[in-house]
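The residues of the chain are indexed from 1 along the displayed sequence. Just so it is clear, the structure is predicted and the values come from calculations on it, not from any experiment. Both ligands and their constituent atoms are indexed starting at 1 by order of listing.
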Amino acid sequence: MGLCFGVRRAIRLLEEAAGKFGSLDSLGPVVHNRRVVERLEGMGVRVAGGPEDLENRVVAVSSHGLSPQDMKALEGREVIDATCPIVARAQRAARGLARAGFQVVVFGDCLHPEVRGLLGWAGDGALATEAPLNLQPWPKRLGILSQTTQSPEAFAGFVACALPPTIGGGVELRVVNTICQPTRRRQASALELARRVEVMLVVGGKTSANTRRLAEICSPLVEVHLVEKAEDIDPAWVAGRRSIGLTAGASTPDEVIMEVEARLRALAGLGAA
Ligand code: F3S
């Protein structure tokens with residue numbers, strides 16, 4: 001649990017840039033975690049809402065990546081590209097499918113910055129959805145890929161729903177598995193733990209897609225609470241419980257996880273961690 005390599009890399013790149021240039025803009029929060037963003041702000045990293053809101057010559061692209069159109073809007077500036085390499089691979093997959101003549105569908109949240117960026121690489125007619133696919137008419141060639149932080153089970157279910165109409169309708173179907181391995185391993189570990197405890201705490205930002213997904217996949221198995229910090233814990237969740245599971249999203253810093261663990265131990269009468 002905790003910070004994945006893509007997020008660690010993005011934070012390191014921004015810290016280095018802040019040290020070198022003094023101040024810079026980040027296009028959107030570099031990761032979906034308030035504590036990390038506030039710490040970087042203290043170092044001179046200002047969060048800009050979009051390319052039209054930039055104040056500095058130096059601009060950083062977040063771990064979620066950007067569409068080629070937004071990248072073009074940054075021409076003439078010093079760009080620190082903190083796009084996660086796994087997101088960059090998904091962008092290349094989207095571009096490859098579009099160039100080969102496939103209509104691209106992204107299994108994901110169309111409002112999430114990673115998915116908005118992916119759609120920019122995926123050519124005309126590309127769309128993103130988490131609902132079962134029902135295109136009217138179906139294209140001759142259909143390419144499906146996933147937001148990197150989706151669960152493998154949900155992606156498999158999405159593809160399975162698309163199989164009868166596409167195969168029955170003679171559609172050429174290409175599926176690219178763009179789910180990231182650290183996310184897959186984190187979800188598998190969280191599920192294993194959720195089966196063995198009475199309540200699960202998921203630590204992370206409420207706007208973090210991978211954090212919310214951890215809570216979603218565990219909730220059919222056990223009572224789940226998503227907390228951003230130790231103070232969010234309601235003592236009633238812990239009272240009388242013999243086992244509590246703890247996991248954290250990929251953008252949650254180690255110190256926040258340790259603070260949550262320490263508070264849980266204190267509430268359970270086990271002393272500080
Ligand atoms: Fe990258 Fe996966 Fe982390 S896509 S930012 S390694 S959750």
Margin query: Checking the side chain of Arg195 only, and the main-chain atoms of Leu221 only, is there a donor and an acceptor separated by less than 3.5 Å?
Written below: no
Next item on the list: Check for a donor-acceptor pair, side chain of Gln103 on one end and backbone N or O of Arg141 on the other, with a separation under 3.5 Å.
Entry: no
Note to self: Quick one: does any side-chain atom of Thr178 pair with a main-chain N or O of Ser146 as donor and acceptor, under 3.5 Å?
What the structure shows: yes
Next item on the list: Verify, without hydrogens or angle tests, whether Asp70 (side chain) and Leu66 (backbone) share a donor-acceptor contact under 3.5 angstrom.
Entry: no
Notebook entry, point to check: Under 2.8 Å from atom 3 (Fe) of ligand 1, which protein atoms of type N, O or S occur, listed by chain and number?
Noted result: Cys4 SG
Note to self: Is a donor from one side chain sitting under 3.5 angstrom from an acceptor on the other, for Glu130 and Gln147?
What the structure shows: no
Notebook entry, point to check: In a check of side-chain hydrogen bond (donor to acceptor under 3.5 Å, both in side chains) between Thr148 and each of Gln181, Arg184, Glu114, which one passes?
Noted result: Glu114
